[in-house]
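For reference, the structure discussed in these notes is given below.
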Amino acid sequence: MKKVLSLFLYLVLSQTQCFSQTLYGTNNYVEYQVGTLPIVISVPHGGLITPTQIPDRTCNDPTTVTDAYTIETVEQIKAALFLATGCYPHVIICNLKRTKLDCNRTIADGACDNVRAITAWNEYHNFITMAQNTANLRYNNKTLFIDLHGHGHAIQRIELGYVLSGSDLELSDATLNTTAYINQSSIKNLALNNSNNYTHAQLLRGPSSFGTLLANEGLLAVPSTQIPFPGSANSYFNGGYTTEIHTCFNPAVTTNGFQMELNYDGVRNTTSNRTLFAEKFKNVVLNYLNTHTNVVLGSCASLAIDENKESELIMYPNPVKFGSQLFIKGTTFNNLRYRIFNSLGQEITHGTVNNGNEIDVNCTLNKGIYIISILNTEGSEIKKLKLIIN
């Protein structure tokens, strides 16, 4: 208990820090990328590690298919949210291949009585709980939890699972708004208390539902206004074990959330599609939180990129060619310093702006998107800008 408490205090105190830190379970089988946003994302089926000490799962007719590129997708989501807000989501990942461990099943079905797998299963779910507790404490129980998966169904659309069956979603709005169906939902608490008094049915498939917001970004999703229910002849994942125990479907949990099943084509299948999806997801999730909870981002929001061209300090050219110089214009400050970070918040290089107000874009930077922080002699940040090197 003392170890868990000290780790929780560490997570709370770490919220004042700018950059994401990663906590690992035993043998790095699971990991928790500590965040500063009221968003918790778990990724149970993208791992590729296959230790010989853990036998392949054979108990209880297991499903062992890997959700391809879901870890890569969540890394793009993390980068997109950081570039937009200066903050990170909380991310929990199982690095074990699903043949060895399934964290979206009960411990009996997921770990098949193997001691090492049992340890990893417990650490994974403890990390989710820690992340939710940390985010809820900071944001007054306005956290959104998403269990991220990839499906192989024939219809290429995103499936959102609220622990309501496909046939449940075919019911009328009036029926879905009854207490019985609200209590079966993984967004029960949001249905009971949201900023605009939307009904449960509206939150599932109304104009401001997560599915409709995705569709407005060009991503087909069910349920949504466009596709209110999956259809009895079509495959649909409505939310599994993780969604049941880590959302308010479980009466002991306050957090709202859902299972999110991503189609492969156009979303997960290439780096460019994952990057594009992450940008759209970022727009949707921030819109969703703002609309339904009026959440105010914490102090990390002050780290968001400042691209106001009317402000005192201007950096040019931007984009800049690899190996060229950047110039600083319009500031009365002298002896400026700079720090350059990649999109995951890792510092790549730093230095002093020379008297000609130049910054060398040297060989430590590859082509890509970076964040550059300009500081005065006291170390206080003057401006933060997105830097594109091509």
Side-chain angles (χ1 to χ4, degrees), residues 10 13-22 33-37 39 75-91 138 271-272 274-276 278-279 282-283 286 296-390:
Y10 158 75
L13 293 172
S14 70
Q15 301 309 292
T16 60
Q17 301 186 17
C18 303
F19 308 117
S20 179
Q21 301 181 23
T22 301
Q33 299 175 15
V34 180
T36 47
L37 282 170
I39 302 168
E75 291 292 353
Q76 291 295 327
I77 289 172
K78 182 179 172 183
L81 284 167
F82 178 78
L83 284 174
T85 68
C87 308
Y88 289 111
H90 299 260
V91 175
R138 184 182 180 88
T271 300
S272 59
R274 291 191 293 272
T275 302
L276 181 60
E279 184 67 19
K282 174 262 297 180
N283 295 337
L286 295 179
V296 177
L297 297 180
S299 58
C300 65
S302 65
L303 300 172
I305 297 167
D306 176 13
E307 297 184 288
N308 179 6
K309 304 304 181 185
E310 303 300 321
S311 61
E312 183 181 12
L313 188 151
I314 298 173
M315 180 180 69
Y316 69 96
N318 193 14
V320 61
K321 290 188 178 298
F322 174 77
S324 300
Q325 283 76 40
L326 290 170
F327 296 90
I328 304 298
K329 178 183 178 181
T331 179
T332 58
F333 295 103
N334 296 314
N335 301 317
L336 297 174
R337 292 187 287 145
Y338 67 89
R339 302 172 71 194
I340 299 179
F341 306 92
N342 64 18
S343 60
L344 295 179
Q346 300 163 328
E347 182 172 330
I348 303 301
T349 187
H350 63 273
T352 301
V353 180
N354 66 28
N355 291 333
N357 283 350
E358 294 181 16
I359 298 175
D360 290 329
V361 180
N362 57 40
C363 61
T364 60
L365 299 178
N366 297 316
K367 295 179 181 180
I369 299 175
Y370 298 86
I371 299 161
I372 183 165
S373 173
I374 307 297
L375 306 97
N376 61 23
T377 53
E378 288 76 33
S380 298
E381 184 175 83
I382 302 170
K383 193 174 183 71
K384 185 182 292 288
L385 287 160
K386 179 162 63 179
L387 168 64
I388 302 174
I389 299 177
N390 58 25

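Computed from a predicted model, the values in this text were never measured in an experiment.
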Which value, rounded to the nearest 0.5 Å, describes the distance between [X] atom [atom1] and [Y] atom [atom2]?
| X | Y | atom1 | atom2 | result |
| --- | --- | --- | --- | --- |
| Cys87 | Lys78 | SG | NZ | 12.5 Å |
| Arg337 | Ser373 | CZ | OG | 9.5 Å |
| Leu83 | Glu279 | CG | CD | 8.0 Å |

Exercise for the section: Taking the side chain as every heavy atom from C-beta outward, state whether Val91 and Ile77 have any pair of such atoms under 4.5 Å apart. Expected result: no
Problem - Side-chain heavy-atom pair Val34, Thr22 within 4.5 angstrom cut-off - result: no
Exercise for the section: Can you sort out the partners of Ile372 under side-chain contact (heavy atoms from CB on, under 4.5 Å), two or more places apart, ordered by chain and number? Expected result: Met315, Leu326, Tyr338, Ile340, Ile359, Ile374, Leu385, Leu387
Completion exercise
Applying side-chain contact (heavy atoms from CB on, under 4.5 Å) to Thr271 and not counting sequence neighbours gives Arg274, Thr275
Which heavy atom of [X] sits nearest a heavy atom of [Y], and at what distance?
| X | Y | result |
| --- | --- | --- |
| Leu37 | His90 | O-CD2, 3.2 Å |
| Arg138 | Thr36 | NE-O, 3.8 Å |
| Ala278 | Ala80 | O-CB, 3.8 Å |

Handout entry: Residues Leu336, Leu375; criterion side-chain contact (heavy atoms from CB on, under 4.5 Å); working and verdict
Key = CA-CA 6 Å; Leu336 297 174; Leu375 306 97; over 6 Å; no
Practice task
Assess the side chains of Gln21 and Gln33: does a donor N or O sit below 3.5 Å from an acceptor N or O?
Solution key: no
